[in-house]
Amino acid sequence: MRVVIAEDLALLRDGLTRLLTESGFEVVAAVEDGPGLVRAVMGHKPDVCVVDVRLPPTFTDEGIRAAMEARSRFPGLGVLILSQYVEPVYTAELLDSDGDGGLGYLLKERVGDVKAFVAAVESVARGGTALDREVVSELVRRKDPGGGDGALGALTPREKEVLGLMAEGRTNTAIARALVVTPGAVEKHISNIFSKLDLPATDEDHRRVLAVLAFLRQD
């Protein structure tokens, strides 16, 4: 898998490059600003880019803006955003951006869990999702403070838990382990989620992504 990294801190940029290379990825470019990210994506056409939210010159939202631009120009691009804090507004903007590649948003502290971080990059590169559990919790709280209406409101509390874990990129086995239930029970919950969100019976992985996006995009 081909990766582009956009991170202004040289030490972290080099560390990410080394970590991903040692994990079997091909880091085709490592840049320090938004314009460099867009150029690298268009020149190398990677599977995924790993991007810091805050890049020069103002260190506000240049990273997310550049990632959205790169995604609009190269729709199959997977984008994994790294942030120091939970910033749901940026997650919402990323979810609403053009393109059909994978999406991820992790807190930088998660990079220390190498196995989980690598799994997140792989998931996004393959078109899946990898959202930090704190970000998912905040999005759910904002979108459904009192029970909710529509499709989201139709989900049971357990189904919302399952969907939140799906948003983190967890497999059925991992979800079962986290909720202390059987894999069969998880499969039943997921089937109910697909039905309530009116998702057609197509590729299973694709439906998982559609379910997560439908869940997180609801107003």
[Y] side chain reached by [X] side chain, heavy atoms, under 4.5 Å:
| X | Y | value |
| --- | --- | --- |
| D113 | F117 | no |
| L16 | L82 | yes |
| R170 | R177 | no |
| T60 | R65 | no |
| L155 | K196 | yes |

Exercise. Should L106 and F25 be regarded as members of a common hydrophobic cluster, given that ILVMFWY residues are connected when their side-chain heavy atoms come within less than 4.5 Å of each other, either directly or indirectly?
Worked result: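 Yes; F25 is reachable from L106 via cluster members.
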For this session: Check whether V31 and L12 end up in the same hydrophobic cluster, where Ile, Leu, Val, Met, Phe, Trp and Tyr are linked by side-chain heavy atoms less than 4.5 Å apart.
Result: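 Cluster IDs for V31 and L12 differ.
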[X] versus [Y], closest heavy-atom pair with distance:
| X | Y | result |
| --- | --- | --- |
| L80 | Y105 | CD1-N, 3.8 Å |
| E159 | N192 | OE2-CB, 3.3 Å |
| V4 | L37 | CG1-CD1, 3.7 Å |
| S72 | E69 | OG-O, 2.7 Å |
| R71 | V79 | CD-CG2, 4.2 Å |
| L9 | E7 | N-OE2, 2.9 Å |

Rounded to the nearest 0.5 Å, what's the gap from [atom1] on [X] to [atom2] on [Y]? Could you check?
| X | Y | atom1 | atom2 | result |
| --- | --- | --- | --- | --- |
| R126 | M1 | CZ | CE | 3.5 Å |
| I5 | D14 | CD1 | CG | 9.0 Å |
| L103 | L131 | CG | CG | 7.5 Å |
| I190 | N172 | CD1 | CG | 4.0 Å |

Problem set entry | Chi angles and distances behind the side-chain contact (heavy atoms from CB on, under 4.5 Å) call for V186, T173 | CA-CA 8 Å; V186 172; T173 300; over 6 Å; no
Listed pairs under 3.5 Å, donor-acceptor, residues 38-57 side chains, sequence neighbours left out:
{"unit_1": "K45", "atom_1": "NZ", "unit_2": "M42", "atom_2": "O", "d": "3.1"}
{"unit_1": "D47", "atom_1": "OD2", "unit_2": "R2", "atom_2": "N", "d": "2.7"}
{"unit_1": "D52", "atom_1": "OD1", "unit_2": "R54", "atom_2": "N", "d": "3.2"}
{"unit_1": "D52", "atom_1": "OD2", "unit_2": "K108", "atom_2": "NZ", "d": "2.9"}
{"unit_1": "R54", "atom_1": "NH1", "unit_2": "F59", "atom_2": "O", "d": "3.3"}
{"unit_1": "R54", "atom_1": "NH2", "unit_2": "E87", "atom_2": "OE2", "d": "2.4"}

Problem set entry | Side-chain donor or acceptor of T17 paired with backbone N/O of R13 under 3.5 Å |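 Yes.
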For this session: Return yes if some donor-acceptor pair links the side-chain N/O of E26 with the main-chain N/O of G24 below 3.5 Å, else return no.
Result: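 Looks like no, no N/O pair under 3.5 Å.
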